[in-house]
Undergrad: 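Submitted below is the structure of interest, expressed as structure tokens.
Worth saying up front: this structure is predicted, and the values here are computed from it rather than measured. Heavy atoms only: backbone and side chains are in, while hydrogens, waters and symmetry mates are out.
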Amino acid sequence: MRVPLSWLREYVDLPAGETGRDVQAKLVAAGLEVETVEQLGAGLKGPLVVGQVLAIEELEGFKKPIRYCQVDVGQANGTGEQQNIVCGARNFAVGDKVVVVLPGAELPGGFAISARKTYGKTSEGMICSASELGMSDDHDGIIVLPPEYEVGTDAIELLQLVDEVLDIAVTPDRGYCLSMRGVARETATAYELPLSDPALLDVPAPNSHGYPVKVADPVGCDRFTARTVTGLDPEARSPIWLQRRLQKAGMRPVSLAVDVTNYVMLEIGQPLHAYDRSRITGAIGVRRAQPGEKLTTLDGTKRVLDAEDLVITDESGPIGLAGVMGGANTEIADANETAGTTEVVIEAAHFAPVSVARTARRHKLSSEASRRFERGVDPEATSAAAQRTVDLLVLLAGGTAEVGVTEIIAPSAPHTITLPADHPDKVAGVPYGRETVVRRLQQIGCDVYGADDLTVTVPSWRPDLTDPNDLAEEVIRLEGYENLPSTLPQPPAGRGLTERQRLHRRVGRALAGAGYVEALNYPFLGEEVLDQFGLAADDPRRDLVRLVNPLSDTEPALRTTLLPGLLGALRRNVGRGEHDLALFETGLVFRATGDEPPAAILPVDRRPTDEQIAGLDAALPHQPRRVAVVLAGDREQAGWWGKGTPVSWADAVEAGRIVAREAGAELIVRQDQQDPWHPGRCAALLAVVDGQEILVGNAGELHPRVTKALGLPERTCAMEIELDRLEQAGVGRVEAPHVSTFPVATQDVALVVDASVPAAEVETALREGAGELLESLRLFDVFTGEQLGEGRKSLAYALRFRAPDRTLTAEEVAASRDAAVSAPADRTGATLRGA
């Protein structure tokens, strides 16, 4: 909504020195979005005057028609002599009144005017067009003024070229601000000044002599006012002040009758329509359209109507889309036509917002009227808007208002809200008090009664006020959002992160510290990716929870594994030139058990009961929390220091160990075969819970068939592990390690075992045999060769021994080493290499 400040001052007596920026600050504080304040006429300097064309000489010999004009500007040039001006426009004649800018003036944009020689003549100024003065974008000829204006009159004041215009972005709940009346009300409240309401008019009572109207759908149209004006002068033009106000508000002047209806709509907020009475056949009706009916609207488009469209009709059929746009067959005749309009029927009606909105969207036909009806129009303003239109037509076009007044009103009661007087205090946390609450509500037009419990009758122009919180918001915004104190809530003692949340954060920090980058993905997937994974038909990961309204038809279900999203992120990054990648994600997966009861539909008018909430929780699928990583490219990049190290299944397994350490759990690694991993490079990750080994995840290199199907780099590796099960296997809160002040004793052992023996089994036996003096154990070499024999391998381990209270003797270290070696010898048949 564009609001000229000069127009706004008619309804609110603002202080003389108040600028558009000052008003903007006040309205913004009151909750309106004033985007800009446009300075019209900035840089404009006179003399700019009314002139009369005395003579025109046509200059020949040029590529375009050029005219050499003699113009009378009175005493504006200081001599009283005529001005000689060269002009290329053709839309004026001798005797016309025009706008002349004289030498020494400056037009908007820094365009200085001076006498200069052009086309072989000296031009002493310029005859101006609307675009040159910043009035509009109209380049079709210069401005031709009505003949009643005197020569030499200051055109800057006459054309109201200097002004400030506030551009307000009206939100959907503030439809009343799509009018000068609504913005003036907010301005008057902000400045604590009285409002001169343009809708407070003396309106004659309805009678039986008005134009006949039949409303067949009182739900879609609950008010309809019709007034008739006859004897209009078809040659009458909109006065300059009316045209300028429309232009400043962003509308184009068309004709007097249309301009008046647009002006009243901008002023009061009530959309109107004027019908040429001679083109209406019989009574005006309001009904729903018949399927297949057609209507040619004012934009010249022939439209096929829908059965839900609310239409205005006469005996010939539809003559307008209610609240959207009128029909071409009852359009006001232009003055240039053979027979101009001399009698008009004014329609001022109130239509259902939803009906208008659906019709406008159905026909892709948004209009100034539909924008207002969609957001809510004051139904009580129809009579006043019709009366204001009649008064202007009588004043400006010499018409006569007929005594007949038609007014159809569907019975309705004002909306009333019961509000505790201290409710705004509780919402804002500020003690406003009853007097302030009542005063602020009365300022927005409410009728307020009561003491502790207020009975508030909402004004007809505020359909957005429906419950106590809406009224509390009005009090708070008018008292000033900037006056609300900034306070932090006091959390009750004993609350903080749960152990599950702490584990989630520790795992994220640990993986990030190990070089992984977190990637967040949508929790949706399609069955196609499960086929690409090669999952068997009975794989539990195929038991999907499907969405009723998925965001994408290709991903209609909730994920049962984190890998599809992570691998998709890895593929996108590879496609954008990143080749060395390590990504991780933590999140929920959704596993349907088949035992979930159907979800109940909860009420929306009250809080659900605890039983209803528990039933809703029971209908949810099992949602374990998981963590997954994917790797591709080089783990260590190549450089002057040597060759790079590509990622391998071992890196994926190590990621699982990092997660397990944060949970305080000991991870058992065994060979496994699980899709989508490579059957020979897949590890099962197990942990001990209540004395039982349980599978918590898998890690390794992806199957070549899977990497090819998904378009991933070769040797891509992945790990996925269930955090909830790890938490059960963990020792709870992880304690910091004890740092001993005594020296460490290091012993290396190389054990030869059968190639089929897992290194993890050998490591477990070493730990058990070494006893409590063993501080750490690390596998640092795996060797196979002819000297070991076929089917044999050598595993080299570094053992670190340390006592917490003393320095170990050589005998103690040797005994611990021998005990460690004897355990895998008994369990796996391991022998010391070289023994």
Undergrad: Do Arg440 and Gln443 pair up side chain to side chain, a donor and an acceptor below 3.5 Å, judged on atom types alone?
TA: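 There is such a pair (donor and acceptor under 3.5 Å, judged by atom type) between the side chains of Arg440 and Gln443.
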Undergrad: Would a distance-only check, ignoring hydrogens and angles, find a side-chain to backbone donor-acceptor pair under 3.5 Å from Arg559 to Phe524?
TA: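 No.
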Undergrad: Any luck finding a side-chain donor-acceptor pair between Glu10 and Ser196 under 3.5 Å?
TA: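 Their side chains do not contain a donor-acceptor pair, so the 3.5 Å distance test is not met.
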Undergrad: Check Phe590 against Pro523 and note the closest heavy-atom contact, atom names and distance.
TA: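 Closest approach of Phe590 to Pro523: CE1-CB, 4.1 Å.
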Undergrad: Determine the minimum heavy-atom distance between Glu186 and Cys177, stating which atoms define it.
TA: CG-SG, 4.0 Å
Undergrad: Using a strict 4.0 Å threshold on nitrogen-to-oxygen distance, state whether Glu527 and Arg546 make a salt bridge.
TA: yes
Undergrad: Give, for atom CG of Leu478 and atom OG1 of Thr436, the distance between the pair rounded to the nearest 0.5 Å.
TA: 11.5 Å
Undergrad: Under 3.5 Å, is there a donor-acceptor pair between the side chain of Gln290 and the main chain of Ala307?
TA: no
Undergrad: Side-chain donor-acceptor pair under 3.5 Å between Arg303 and Thr297, yes or no?
TA: yes
Undergrad: Is any side-chain N of the basic residue among Lys26 and Asp22 closer than 4.0 Å to the acidic one's carboxylate O?
TA: no
Undergrad: Once the angle between the rings of Trp7 and Tyr263 is folded into 0 to 90°, is it parallel (under 30°), tilted (30 to 60°) or perpendicular (over 60°)?
TA: parallel
Undergrad: Where do Ala663 and Leu503 come nearest, in terms of heavy atoms and distance?
TA: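 Looks like CA-CD1, 3.7 Å.
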Undergrad: Hey, are Glu596 and Thr593 close enough side-chain-wise for a donor-acceptor pair under 3.5 Å?
TA: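 Short answer, yes.
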Undergrad: Whether the Asn262 and Glu368 side chains hold a donor-acceptor pair (N or O, under 3.5 Å, no angle test) is what I'd like checked.
TA: no
Undergrad: Are side-chain N/O atoms of Glu479 and Tyr432 paired as donor and acceptor at under 3.5 Å?
TA: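 On atom types as modelled, these side chains do not qualify, holding no pair under 3.5 Å.
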Undergrad: Quick one: does His415's side chain have a donor or acceptor within less than 3.5 Å of a partner on Thr466's backbone?
TA: yes
Undergrad: Thinking salt bridges, do Arg371 and Glu374 make one under a 4.0 Å N-O criterion?
TA: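 Salt bridge between Arg371 and Glu374, a charged N being under 4.0 Å from a carboxylate O: no.
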Undergrad: With no hydrogens and no angle check, is any side-chain donor or acceptor of Arg223 less than 3.5 Å from a backbone partner on Ile409?
TA: no
Undergrad: Would you mind checking if Arg2 and Glu35 are paired as a salt bridge, meaning a charged N to carboxylate O distance below 4.0 Å?
TA: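 Here Glu35 does not pair with Arg2 in a salt bridge, since their nearest N and O are not under 4.0 Å apart.
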Undergrad: Using modelled atom types only, decide if a donor and an acceptor are shared between the side chain of Arg388 and the backbone of Pro198 within a distance under 3.5 Å.
TA: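 Looks like no, no N/O pair under 3.5 Å.
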Undergrad: Would you please test Lys302 and Asp299 for salt bridge (charged side-chain N to carboxylate O under 4.0 Å, His left out) and show each step?
TA: CA-CA 9 Å; Lys302 191 172 184 178; Asp299 60 354; over 6 Å; no
Undergrad: Between Glu308 and Arg362, is the salt bridge (charged side-chain N to carboxylate O under 4.0 Å, His left out) condition met? List the steps.
TA: CA-CA 10 Å; Glu308 290 189 7; Arg362 187 179 300 117; 3.2 Å; yes
Undergrad: Is the shortest heavy-atom distance from the side chain of Ile284 to the side chain of Asp314 under 4.5 Å?
TA: no
Undergrad: Let's go through Asp378 and Gln270 carefully: what are the C-alpha distance in whole Å and the side-chain angles of both, what is the deciding distance for side-chain hydrogen bond (donor to acceptor under 3.5 Å, both in side chains) to 0.1 Å, and is it a yes or a no?
TA: CA-CA 7 Å; Asp378 182 4; Gln270 169 65 50; over 6 Å; no
Undergrad: Quiz question: by atom type and distance under 3.5 Å, do the side chains of Arg372 and Ser367 form a donor-acceptor pair?
TA: no
Undergrad: Looking only at non-hydrogen atoms, find the nearest pair between Leu295 and Leu321 and report the distance.
TA: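 Of all heavy-atom pairs spanning Leu295 and Leu321, the closest is CD2-N, 3.7 Å.
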Undergrad: Any donor-acceptor pair under 3.5 Å linking the side chain of Arg181 with the backbone of Glu267?
TA: no
Undergrad: Is it the case that His363 and Asp309 place a side-chain donor and acceptor less than 3.5 Å from each other?
TA: yes
Undergrad: Is Thr416 close to Val456 at the side-chain level, that is, under 4.5 Å between some pair of heavy atoms?
TA: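 No, side chains not in contact.
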Undergrad: So, Thr359 side chain and Val356 main chain: donor-acceptor pair closer than 3.5 Å or not?
TA: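 No; judged by distance alone, with no hydrogens or angles, the pair does not exist.
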Undergrad: Answer yes or no: does atom CD of Glu435 have more than 12 heavy-atom neighbours from other residues, nucleotides or ligands under 6.0 Å?
TA: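 For Glu435, atom CD is not crowded (no more than 12 foreign heavy atoms under 6.0 Å).
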Undergrad: Are Asn469 and His423 close enough that a side-chain donor and a side-chain acceptor fall under 3.5 Å?
TA: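 The answer is yes; a qualifying pair exists.
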Undergrad: If you count heavy atoms of other groups shown closer than 6.0 angstrom to CZ of Arg606, is the number above 12?
TA: no
Undergrad: Take a 6.0 Å sphere around OH of Tyr522 and say whether it holds more than 12 heavy atoms from other residues, nucleotides or ligands.
TA: no
Undergrad: How far does CD of Glu727 sit from CZ of Arg500, to the nearest 0.5 angstrom?
TA: 7.5 Å
Undergrad: Does a side-chain N-to-carboxylate-O contact under 4.0 Å join Arg462 and Asp470?
TA: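 A salt bridge is absent here (no side-chain N lies under 4.0 Å from a carboxylate O).
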Undergrad: Charged N to carboxylate O under 4.0 angstrom, Asp543 versus Arg591?
TA: no
Undergrad: Please find the pair of heavy atoms, one from Ser460 and one from Pro379, that lie closest to each other, and give the distance.
TA: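 Answer, listing the atom of Ser460 first, then Pro379: O-CD, 3.5 Å.
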Undergrad: More than 12 heavy atoms of other residues, nucleotides or ligands under 6.0 Å from CZ of Arg358: is that the case?
TA: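 Incorrect, the count does not exceed 12.
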Undergrad: Whether the Thr586 and His504 side chains hold a donor-acceptor pair (N or O, under 3.5 Å, no angle test) is what I'd like checked.
TA: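 Looking only at side-chain atoms, His504 and Thr586 do form a donor-acceptor pair, the distance falling under 3.5 Å.
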Undergrad: Evaluate the criterion side chain to side chain contact (heavy atoms under 4.5 Å, CB included) for residue pair Leu266 and Met1; output intermediate values, then yes/no.
TA: CA-CA 9 Å; Leu266 292 172; Met1 177 68 187; 4.2 Å; yes
Undergrad: Considering only NZ, NE, NH1 and NH2 on the basic side and carboxylate oxygens on the acidic side, decide whether Arg287 and Glu293 come within less than 4.0 Å.
TA: yes
Undergrad: Between Asp610 and Arg607, is the closest basic N to carboxylate O distance under 4.0 Å?
TA: yes
Undergrad: Answer yes or no for Arg185 and Trp461: cation-pi contact, defined as NZ/CZ to six-membered ring centre under 6.0 Å and angle to ring axis within 45°.
TA: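 The answer is yes, since Arg185 meets both limits relative to Trp461.
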Undergrad: How about Glu528 and Thr554: does a side-chain donor come under 3.5 Å of a side-chain acceptor?
TA: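 Absent: no donor and acceptor within the cut-off.
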Undergrad: Could you walk me through whether Glu33 and Thr171 pass side-chain hydrogen bond (donor to acceptor under 3.5 Å, both in side chains), step by step?
TA: CA-CA 8 Å; Glu33 296 181 19; Thr171 52; 5.6 Å; no
Undergrad: Which atoms form the tightest heavy-atom contact between Thr418 and Pro468, and what is the distance?
TA: O-CG, 3.7 Å
Undergrad: Is a salt bridge present between Asp217 and Arg288, judged by a nitrogen-to-oxygen distance below 4.0 Å?
TA: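 Arg288 and Asp217: salt-bridged.
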